[in-house]
Number of protein chains: 2
Amino acid sequence: MNIGQAAAATGVTAKRIRYYEQIGLIEPAGRTDAGYRHFGERDLHTLRFIQSARRLGFSMPKISNLLALWRDQNRSSADVKRLAKEHIAELELKIAELQSMVDTLRHLSHKCSGDARPDCPIIASFEGEPS
Amino acid sequence: MNIGQAAAATGVTAKRIRYYEQIGLIEPAGRTDAGYRHFGERDLHTLRFIQSARRLGFSMPKISNLLALWRDQNRSSADVKRLAKEHIAELELKIAELQSMVDTLRHLSHKCSGDARPDCPIIASFEGEPS
DNA sequence: GCTTGACCTTCCCATATTGGGAAGGTTTAG
DNA sequence: CTAAACCTTCCCAATATGGGAAGGTCAAGC
């Protein structure tokens, strides 16, 4: 199976597969005599694993950790759970930051008449002291 | 006032001030005979404006729009409010994505025993069909 | 007046994670 | 055999910023 077929089978684009190989996230794929990469079931499995983790917002280094645990038959589920909890904490921190922005903007927006006049508390707040 | 003092006065690093000038977000600063940039109150005001908008998560192109409205005495507050609302919508979309990740991870994490055994629903879910 | 340290300048490189595309080789179907 | 559809590597792009090098300038102390 060549890279295009592997991409179609896993949802990971060919570009990304090459990139993952380049940064060492995955093992270099085997090559045909002509230099084409070829992928087996095991490779597809790994790519699907990466795709799943990526959808949950894990960064490349974290995915690398998860892959290592995945391959480690002697892992403890506690290790996996810890990584997951750390990631949850980071996501929630980010959410809180974004929510704080939304709250501020909603508040300002609520006070803005939104008509043809130029006066606007949103713009005005940007002029004020850096809070 | 030179760039270091302007940075201290506004919270925008010297590096960022130069970058903002380079991409055309702000007007090129005046120069001394020796080539040093110098900044006046008006410049500081602009930098503080940018800093405020940045803290609310606006991207550079959006800040550019906001600056244009700020300088436009004939703006309508409706225009500002529209930009704000669009930005709120984007932030909330991002929040929803992150929250969805958190929910999934919490669910998986809840089912993970987190002990010394290797079995882990989190890892297992990454192996499954790409949902 | 000179030295020294703290500034300033521009230029290049790096980040993380892709996507786009060019130039050129390979495979496959007709 | 040809044409299309692949594949390869390499370079450039994006965001918004930081780091650092090489070199010029300014201000303070001696």
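Just so you know, these numbers come straight off a predicted model, no measurement behind them. Order of the sequence lines sets the chain letters (A, B, ...), proteins ahead of strands, with each chain counted from 1.
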Spacing of A/R55 atom CZ relative to C/dT18 atom C1', expressed in whole Å: 17 Å
From D/dT25, C/dG21, C/dT26, nucleotide with atom closest to A/K15 side chain: C/dG21
Sugar-phosphate only, base, or nothing, as touched by A/T13 at under 4.0 Å among non-hydrogen atoms: sugar-phosphate
Separation of C/dA16 C1' from A/R54 CZ (nearest whole Å): 12 Å
Between C/dC11 (C1') and B/Q22 (CD): distance, integer Å: 11 Å
d(CD, B/Q51; P, D/dA16) in whole Å: 14 Å
5' precedence on DNA chain D between A/F39 and B/T32 (nearest-nucleotide basis): A/F39
Residue B/N2, side-chain heavy atoms: nucleotide from D/dC26, D/dG18, C/dC7 that is nearest: C/dC7
Separation of C/dC8 P from B/E21 CD (nearest whole Å): 14 Å
Heavy-atom donor-acceptor pair, A/E127 side chain to B/H45 backbone, under 3.5 Å: no
Donor-acceptor contact below 3.5 Å, side chain B/S77 vs main chain A/G114: yes
Sidechain N-carboxylate O distance under 4.0 Å for A/E86, A/R82: yes
Touch class at under 4.0 angstrom, heavy-atom based, for A/I3 against every strand present: sugar-phosphate
Separation of the P atoms in D/dC12 and C/dT17, to the nearest angstrom: 22 Å
For atom CG of A/L47 and atom P of C/dT18, their distance in whole Å: 12 Å
N or O in side chain of B/Y20 less than 4.0 angstrom from D/dT17 OP1/OP2: yes
B/H38 NE2 to D/dT25 P, straight-line distance once rounded to whole Å: 16 Å
Distance below 4.0 Å between A/R37 side-chain N/O and D/dC7 OP1 or OP2: no
Ring-ring centroid check B/F49 B/W70, cutoff 6.0 Å: yes
Residue closer to the 5' end of DNA chain C, B/Q5 versus A/D33 (nearest nucleotide): B/Q5
B/R18 side-chain N/O to C/dT9 phosphate OP1/OP2 under 4.0 Å: yes
Carboxylate-amine/guanidinium proximity below 4.0 Å for B/R117 and B/D119: no
Atom-to-atom span, NZ of A/K62 to P of C/dT17 - whole angstrom: 10 Å
Polar pair under 3.5 Å, donor/acceptor by atom type, side chain B/Y36, base D/dC26: no
